[in-house]
Protein chains: 2
Amino acid sequence: MESIGTAAPPAAGEGGNRSREDVVRAASRLFARRGYHGTSMRDLGEELGMLGSSIYSHVSGKNELLIEIVGRGAALFDSVTAEAAASRDSAVERLRQMVHGHVNVVVGNIDEARTFLFESRFLPETDRRQIVAMRDEYEQAYRETIRAGIDEGSLASDLDPGMTAIFILSVLNALIRWYRPTGERTAGAIASEMWAFVSHGILAERVNG
Amino acid sequence: MESIGTAAPPAAGEGGNRSREDVVRAASRLFARRGYHGTSMRDLGEELGMLGSSIYSHVSGKNELLIEIVGRGAALFDSVTAEAAASRDSAVERLRQMVHGHVNVVVGNIDEARTFLFESRFLPETDRRQIVAMRDEYEQAYRETIRAGIDEGSLASDLDPGMTAIFILSVLNALIRWYRPTGERTAGAIASEMWAFVSHGILAERVNG
DNA sequence: CCTACCGATCGGTAGG
DNA sequence: CCTACCGATCGGTAGG
């Protein structure tokens, strides 16, 4: 399991000059909270203790910030499926690891994850298409692992891999809506509960074999 | 089961004067596609074949449109849990009906549902709080039905009603992300597949009793 | 990173 | 529903 999360923010008080990284991080925070179109360069400047126009000494424009943040989010999620694909565990175990990895990414990088999921549609067309393609690959990794699980006999033979992948990712992606860092559950606990739900369902006993 | 969906749009061509209802419907479409902050009154006017300033003869402002659309979405979802609560069926059957009802609302009112789910955060503070409260009640209806299902013995006794409610709603709400009217599945087929996933999970056989 | 701006666009109004 | 317009704010630039 790779390390997740970002270093603590560098004393976001008054004065002091900010790095490009500070700018990107502040933009993640604001885009996640107010949306891309709901955040102005002046808002961002205020968050950083500088004028909106000063941000242009760090980045070429607002677009660049969105592109970079969404790209980071995509890379984080990508690394989860890449790691699982490299494993020699059973398909069902790989799927369980993917669930845990996804939860870890969200919990450790809420702002990037939220911007990735909610603001990608505002990317310039070329970048948007790239992200859509990445997202399709991510979903495909789930589809393939589910198919492998059916083949190895650990997953129910009547599953539709495409729909099942969507449903599992639905549970995973929604975490971004309800997760609060102040909550009592650890990432591991959340992932375990999700996996229990996904694997057993909610009925007291199975209706069919 | 109540009737869902809205009447066909009234010949959205050139000329002709539009009703307030036309304005609200066009706003639903644009807010759903471009977001609230990504839609200008001039964009909306263009969609309606009039100037942005002319819209103010139908509504008091952009805010009013968002409030109305989100309110409609909330009312639609509310009616689903209200109907289920009034039923004398078993808890597990009521839960199944709630899943079907939710899918019907989304499929029949995509734009309102999408605006409700993605743009509520841009409401004026007072309205936003009302919607958050409504959403809490909706979630609570799921929690209570799940608890009743555990009590009647149809749902697994080790379920956490709060988490389970969130997980089920995650699958339901995500529909708004992947549903396309051009897809081959009917609302009923989608709801059935969701219910199968939620009730049985994905494993070939249960691990515990 | 600031001063001093730019043209464009924003939500909205007065008056018809 | 249009004409004509308002002040505010937008993303961004020149020059230091």
Side-chain angles (χ1 to χ4, degrees), chain A residues 9-31 33-70 115 119 121-125 127-128, chain B residues 9-31 33-70 115 119 121-125 127-128:
Chain A
E14 297 297 307
N17 32 7
R18 290 14 180 74
S19 67
R20 196 189 119 96
E21 186 59 27
D22 294 333
V23 175
V24 175
R25 209 128 56 192
S28 302
R29 210 156 39 224
L30 292 193
F31 290 172
R33 277 160 185 61
R34 309 180 193 176
Y36 178 70
H37 285 306
T39 303
S40 73
M41 293 303 268
R42 285 160 180 86
D43 289 340
L44 185 50
E46 198 176 4
E47 182 87 356
L48 288 157
M50 60 171 80
L51 294 179
S53 58
S54 301
I55 296 168
Y56 292 86
S57 60
H58 294 289
V59 292
S60 73
K62 198 182 171 187
N63 255 346
E64 185 187 318
L65 284 169
L66 183 61
I67 294 168
E68 169 131 1
I69 295 163
V70 169
T115 302
E119 310 300 322
R121 57 189 165 143
F122 301 122
L123 284 169
E125 191 52 25
D127 305 88
R128 204 186 57 79
Chain B
E14 297 296 308
N17 33 7
R18 293 8 183 77
S19 67
R20 195 188 121 97
E21 186 59 28
D22 295 332
V23 174
V24 174
R25 210 128 56 192
S28 302
R29 210 155 41 226
L30 292 193
F31 291 173
R33 276 159 186 61
R34 310 181 192 173
Y36 178 70
H37 284 306
T39 303
S40 73
M41 293 302 269
R42 284 160 181 84
D43 289 340
L44 185 51
E46 198 175 4
E47 182 87 357
L48 288 158
M50 61 172 79
L51 294 178
S53 59
S54 301
I55 296 167
Y56 292 87
S57 60
H58 294 290
V59 292
S60 73
K62 198 182 171 186
N63 254 345
E64 185 186 319
L65 283 168
L66 183 60
I67 293 168
E68 169 131 1
I69 295 163
V70 169
T115 302
E119 311 299 323
R121 56 189 165 143
F122 301 123
L123 284 171
E125 191 52 25
D127 305 88
R128 203 187 58 79

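In what follows, every chain begins at residue 1, and chains take the letters A, B, ... in the order their sequences are listed.
With contacts defined as side-chain heavy-atom distances shorter than 4.5 Å, the pair A/E46/A/R42 does not qualify.
For B/E46 and D/dC2, the CD to P distance is 13 Å, given to the nearest whole Å. A straight line from CG of B/L48 to C1' of D/dC2 spans 15 Å, rounded to a whole angstrom. The CG atom of B/L51 sits 15 Å away from the C1' atom of C/dC10 (whole-angstrom rounding). Regarding B/I55, its CD1 atom lies at a distance of 9 Å from the P atom of C/dG11, rounded to whole Å. When rounded to the nearest whole Å, the span between CG of B/L65 and P of C/dG11 equals 11 Å. Between the CZ atom of B/R20 and the C1' atom of D/dC1 there is a distance of 17 Å, given to the nearest Å. Spacing between atom CG of B/L66 and atom C1' of C/dG11 amounts to 14 Å, rounded to whole angstrom units.
Tested against B/V59, the residues B/L44, B/L65, B/I67 include a single side-chain contact (heavy atoms from CB on, under 4.5 Å) partner, B/L65.
Rounding to the nearest 0.5 Å places NE2 of A/H37 at 8.5 Å from OG1 of B/T39. For the atom pair CD1 (B/I69) and OG1 (B/T115), the distance works out to 5.5 Å, reported to the nearest 0.5 Å. Here B/E64 contributes atom CD and B/L66 contributes atom CG; the two are 11.0 Å apart, rounded to the nearest 0.5 Å. Expressed to the nearest 0.5 Å, how far CD of B/E119 lies from CZ of B/R128 amounts to 14.0 Å. Taken to the nearest 0.5 Å, the CE atom of B/M50 stands 10.5 Å off from the CE atom of B/M41.
B/H58 comes within 4.0 angstrom of sugar-phosphate atoms only, judged by non-hydrogen atoms across all strands, and of no base.
The two residues B/A26 and B/E47 have their closest heavy-atom pair at CB-CG, 4.0 Å.
Taking only side-chain atoms of A/S40, from C-beta outward, the nucleotide of D/dC1, C/dG11, D/dC10 with the closest atom is D/dC10.
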Tabulated below should be each protein N or O lying under 3.5 Å from an N or O of nucleotides 12-16 of chain D; please produce it.
| residue | atom | partner | partner atom | Å |
| --- | --- | --- | --- | --- |
| D/dG12 | OP2 | A/Y56 | OH | 3.0 |
| D/dG12 | OP2 | A/K62 | N | 2.9 |
| D/dG12 | O5' | A/Y56 | OH | 3.4 |

Subject >> Pairing pattern in dot-bracket form [Watson-Crick, G-U; both distances under 3.5 Å; | = partner strand] for DNA chain C >> reply: ||||||||||||||||

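Using cut-offs of 30° and 60° for the angle between ring planes, the A/F31 and A/Y36 rings count as perpendicular.
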